[in-house]
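Below, each value reflects all heavy atoms present in this structure, side chains not excepted, and no hydrogens, waters or symmetry copies. Everything numeric here is computed off the predicted structure, so don't read it as measured data. Residue numbers run from 1 in the order of the sequence given.
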Amino acid sequence: MKILVIGGTGRIGSKVVDRLRAAGHDIVIAAPSTGIDIISGDGLEAAMAGTDVVIDLANSPSFEDAEVLAFFQTAGRNILAAEAKAGVRHHVALSVVGTDKLAASGYFRGKIAQETLIREAGIAYTIIHSTQFFEFLPGILQSAGEALRLPTALVQPISADDVADAVARIALQPAVNGVVEIAGPERAPMDELAQRFLDRTHDPRQVVGDAQAPYFGAQLQNDTLVPVGQAWLGRQGFDAWLQQSGLVRSN
């Protein structure tokens with residue numbers, strides 16, 4: 001099977017590529033470094049020829065509201081048009097649990113626009129809604145400012161390895177023409193998980209839990225960022241991920 005992996009050089013994409021190649025599939029990596037540009041469209045149609053499945057893992061390089069929206073709209077239109085021309089049978093896109101509840105955030109408005117294009121394209125698709133990755137914890141803490149004020153809403157983070165396992169598996173299955181959700185095995189308030197991370201990495205700072213603290217500019221309900229129904233659960237919990245991450249410093 002020929003599979004085009006957009007964003008195949010990134011954190012998740014490189015792992016997905018490794019898994020699918022190991023399974024014997026013909027993998028094409030779409031990234032500017034491979035001569036395939038989803039914004040300009042350069043190289044996209046040629047790469048798409050004969051492709052059975054497209055996996056879209058691309059993310060906006062900017063978090064500025066207008067630029068995020070422009071990225072997802074432009075990339076989405078270019079990718080889906082090339083897929084229609086090539087007769088692609090399955091479009092797989094990685095998105096975020098709670099996206100539909102986060103329209104107050106410029107980033108998530110971009111993701112909502114991306115998902116709308118996919119649903120309206122007439123191509124069989126599966127949208128994967130993932131919870132936050134463990135690997136994003138340092139960035140979440142940095143976004144909290146010097147006061148380390150974070151929401152108390154629940155999170156159920158998942159490791160990048162588990163995300164890659166799920167994406168590779170779903171890409172080889174029939175399209176569901178809807179959303180599937182994936183999450184980690186453990187659920188906890190965001191502020192408490194962040195404090196565990198600081199404690200385990202010997203960082204003396206203290207997180208302040210605040211139910212009103214924004215997340216990427218949006219107000220969270222307690223269950224905004226966790227699956228509300230059935231979800232595929234990864235195997236790696238927080239402690240196991242942290243142990244293999246290399247982030248724990250010795251005393």
Taking only residues two or more places apart in sequence or in another chain, which ones pass ring-ring contact (aromatic ring centres under 6.0 Å, His included) with [X]?
| X | answer |
| --- | --- |
| Phe216 | Phe63 |
| Trp232 | none |
| Phe133 | Phe136 |

What's the separation between atom [atom1] in [X] and atom [atom2] in [Y], rounded to the nearest 0.5 Å?
| X | Y | atom1 | atom2 | answer |
| --- | --- | --- | --- | --- |
| Thr116 | Gln73 | OG1 | CD | 9.5 Å |
| Gln244 | Asp161 | CD | CG | 6.5 Å |
| Tyr125 | Asn177 | OH | CG | 5.5 Å |
| Asp56 | Ile79 | CG | CD1 | 4.0 Å |
| Thr224 | Phe108 | OG1 | CZ | 10.0 Å |
| Asp203 | Phe197 | CG | CZ | 8.0 Å |

With a 4.0 Å cut-off on N to O distance, would you call [X] and [Y] a salt bridge?
| X | Y | result |
| --- | --- | --- |
| Lys15 | Asp162 | no |
| Arg11 | Glu135 | no |
| Lys111 | Glu115 | no |

Exercise. Do the side-chain N and O atoms of Ser95 and Gln114 include a donor-acceptor pair separated by under 3.5 angstrom?
Worked result: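 Not at all, the side chains of Ser95 and Gln114 share no donor-acceptor pair under 3.5 Å.
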
Problem set entry | Tyr107 side chain to Asn59 side chain, donor-acceptor N/O pair below 3.5 angstrom |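 Judged by distance alone, the side chains do pair up.
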
Would you find a donor on one side and an acceptor on the other, under 3.5 Å apart, between the side chain of [X] and the backbone of [Y]?
| X | Y | value |
| --- | --- | --- |
| Ser60 | Phe71 | no |
| His25 | Arg19 | no |
| Glu64 | Ala66 | yes |

Problem set entry | Residue pairs fulfilling salt bridge (charged side-chain N to carboxylate O under 4.0 Å, His left out) with at least one residue in residues 228-242, sequence neighbours excluded |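 Qualifying pairs: Asp165-Arg235, Arg196-Asp239, Arg200-Asp239.
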
For this session: Sequence neighbours left out, what pairs pass salt bridge (charged side-chain N to carboxylate O under 4.0 Å, His left out) with at least one residue falling in residues 26-40?
Result: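 Found none.
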
How far apart are the closest heavy atoms of [X] and [Y], and which atoms are they?
| X | Y | value |
| --- | --- | --- |
| Ile55 | Val16 | CD1-CG1, 4.0 Å |
| Thr126 | Ile170 | CG2-CG2, 3.6 Å |
| Ala47 | Leu4 | CB-CD1, 4.2 Å |

Output side-chain donor-acceptor pairs under 3.5 Å for residues 178-194, partner residues at least two apart or in another chain, one line each.
{"residue": "Glu186", "atom": "OE2", "partner": "Phe238", "partner atom": "N", "Å": "3.4"}
{"residue": "Arg187", "atom": "NE", "partner": "Gln156", "partner atom": "OE1", "Å": "2.8"}
{"residue": "Arg187", "atom": "NH2", "partner": "Gln156", "partner atom": "OE1", "Å": "2.8"}
{"residue": "Arg187", "atom": "NH2", "partner": "Pro227", "partner atom": "O", "Å": "3.3"}

Problem set entry | Joint cluster assignment, Phe134 & Ile140, ILVMFWY side-chain distance < 4.5 Å |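 Same cluster.
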
